[in-house]
Peer 1: 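Take this structure, written in structure tokens, and hold onto it; I'll ask about it next.
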Amino acid sequence: MASRVTRWLAAQPATHWLSPASLEASTMNWQASAIIQSGKGAPSASGNAVADAETHPLWAADVTGRGQVIGGGDSGLDLSHCFFADPDVPIELKSVGSSGNSGGWRGFFGGGNGGGGGGSVFESEKHRKIRLYRSTSNASPNGGGGNGHGTHTMGSLCGSPFDSGANAKATAYRGMAPDAKLAFSDLSSEKANSGSKSGRSSGAILVPGDMGGDYYRFAYDAGARVHSDSW
């Protein structure tokens with residue numbers, strides 16, 4: 001079909017020339033962080049972005065989110081991603097029921113939002129990045145990841161590689177608050193989808209009916225005083 005369309009377009013009087021379009025995606029977090037911090041574009045090469053005080057004045061002043069917790073909710077995180085992984089503290093999601101135990105998990109996991117009768121949770125004060133992870137699913141031991149949107153948004157907020165010295169390129173792509181921790185609610189749907197690596201919905205998310213009591217309060221109790229919801 002593509003070749004037929006191309007030949008048709010080429011034959012039109014208004015067509016002067018045809019050229020293939022590049023569909024390759026490129027990550028440019030170092031540019032976004034520079035514009036947010038200084039209003040200026042970062043150097044074209046990402047390698048020195050972190051050390052550039054002119055374009056990253058907050059980082060140069062050591063304002064990196066250290067000691068802070070960010071709350072967030074989205075389609076899930078890839079917990080093996082270098083921005084979130086901690087080889088010293090393995091993440092083990094523990095199943096919780098929907099009977100109202102474990103501090104009122106019922107509202108999130110089984111309160112009429114279609115998320116099923118249970119879920120899983122990980123809590124840690126030692127993990128370098130994940131302070132809290134709540135999931136509507138028991139199906140994925142790695143916390144799902146959904147369609148990648150949660151990994152993207154939370155990575156832009158506070159993602160940071162475990163060994164920044166050994167991974168300079170990844171460090172240049174780190175999030176705005178790279179030293180902050182994350183209290184995250186995985187809102188991915190339980191509905192199976194063969195196109196999803198985790199076997200979960202490739203797009204749908206489930207939102208609790210009581211956002212204050214069954215959603216925000218868990219991040220707040222984990223220390224978060226700012227919450228991001230990009231859905």
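The model shown is predicted, which means the values in this text are computed figures rather than measured ones. Values reported hereafter were calculated over all heavy atoms of this structure, with side chains retained and with hydrogens, waters and symmetry mates removed.
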Peer 1: What closest approach, in Å, do P57 and S38 show between heavy atoms, and which atom pair accounts for it?
Peer 2: CD-CB, 4.0 Å

Peer 1: Cationic tip of R134 within the cone over F218's six-membered ring, i.e. under 6.0 Å and within 45° of the normal?
Peer 2: yes

Peer 1: Does R174 make a cation-pi contact with W59, if we ask for NZ or CZ under 6.0 Å from the ring centre and within 45° of the axis?
Peer 2: yes

Peer 1: Can you hop from L9 to M1 via hydrophobic side chains spaced under 4.5 Å?
Peer 2: yes

Peer 1: Could you see if Y133 belongs to whatever hydrophobic cluster contains V226? Use Ile, Leu, Val, Met, Phe, Trp, Tyr and a side-chain cutoff under 4.5 Å.
Peer 2: yes

Peer 1: For the atom pair CD (Q68) and CZ (R225), what is the distance rounded to the nearest 0.5 Å?
Peer 2: 9.5 Å

Peer 1: Give a yes or no on whether the backbone of A180 and the side-chain of K129 come within a donor-acceptor separation of less than 3.5 Å.
Peer 2: yes

Peer 1: Heavy-atom count check: over 12 atoms from other residues, nucleotides or ligands less than 6.0 Å from R4 CZ?
Peer 2: no

Peer 1: Check G71 against A219 and note the closest heavy-atom contact, atom names and distance.
Peer 2: CA-CB, 4.0 Å

Peer 1: Tell me the closest heavy-atom pair linking T153 and S230, and the distance in Å.
Peer 2: CG2-CB, 3.9 Å

Peer 1: About how many Å separate CE of M154 and CD1 of I70, when rounded to the nearest 0.5 Å?
Peer 2: 8.5 Å

Peer 1: Between F84 and L182, does the side-chain contact (heavy atoms from CB on, under 4.5 Å) criterion hold? Intermediate values first, please.
Peer 2: CA-CA 9 Å; F84 304 107; L182 183 62; 4.2 Å; yes

Peer 1: Closer than 3.5 angstrom, by distance alone: can the side chain of Q37 be matched with the main-chain N or O of L58 as a donor-acceptor pair?
Peer 2: yes

Peer 1: Output, in order, the C-alpha distance, side-chain angles, deciding distance and verdict of side-chain contact (heavy atoms from CB on, under 4.5 Å) for L187 and D74.
Peer 2: CA-CA 5 Å; L187 303 175; D74 212 298; over 6 Å; no

Peer 1: For A222 versus A183, what's the shortest heavy-atom pair and its separation?
Peer 2: CB-CB, 4.0 Å

Peer 1: Could you check whether Y216 and D229, counting side-chain N and O atoms only, form a donor-acceptor pair closer than 3.5 Å?
Peer 2: yes

Peer 1: Run F83 and F162 through side-chain contact (heavy atoms from CB on, under 4.5 Å) and show every step you take.
Peer 2: CA-CA 7 Å; F83 272 5; F162 176 75; over 6 Å; no

Peer 1: Is T55 reaching over with its side chain to a backbone N or O of K40, donor-acceptor style, under 3.5 angstrom?
Peer 2: no

Peer 1: Specify the closest pair of heavy atoms between G41 and A34, including all atoms of both residues, with the distance to one decimal.
Peer 2: C-CB, 4.3 Å

Peer 1: Output yes when a side-chain donor or acceptor of R128 lies under 3.5 Å from a complementary backbone atom of A85, and no otherwise.
Peer 2: yes

Peer 1: Supply the atom-to-atom distance I36 CD1 to H56 NE2, rounded to the nearest 0.5 angstrom.
Peer 2: 9.0 Å

Peer 1: For Q12, does the CD atom have more than 12 heavy-atom neighbours from other residues, nucleotides or ligands under 6.0 Å away?
Peer 2: yes

Peer 1: When you look at OH of Y220, are more than 12 heavy atoms from neighbouring residues, nucleotides or ligands closer to it than 6.0 Å?
Peer 2: no

Peer 1: Side-chain heavy atoms under 4.5 angstrom apart, residues restricted to Ile, Leu, Val, Met, Phe, Trp, Tyr: same cluster for L157 and L79?
Peer 2: yes

Peer 1: Hey, mind stepping through S124 and V89 against side-chain contact (heavy atoms from CB on, under 4.5 Å) and telling me if it holds?
Peer 2: CA-CA 9 Å; S124 174; V89 184; 4.0 Å; yes

Peer 1: Measure the spacing between CZ of F122 and CD1 of I91 and express it to the nearest 0.5 Å.
Peer 2: 5.0 Å

Peer 1: Tell me if the aromatic rings of H227 and Y215 count as close, with their centers under 6.0 Å from one another.
Peer 2: yes

Peer 1: Under 3.5 Å, is there a donor-acceptor pair between the side chain of T151 and the main chain of D78?
Peer 2: yes

Peer 1: Rounded to the nearest 0.5 Å, what's the gap from CG on D221 to CD on E123? Could you check?
Peer 2: 9.5 Å

Peer 1: Without swapping roles, check the side chain of S75 against the backbone of G150 for a donor-acceptor pair under 3.5 Å.
Peer 2: yes

Peer 1: To the nearest 0.5 angstrom, please state how far the CG atom of D186 sits from the CG atom of L93.
Peer 2: 9.0 Å

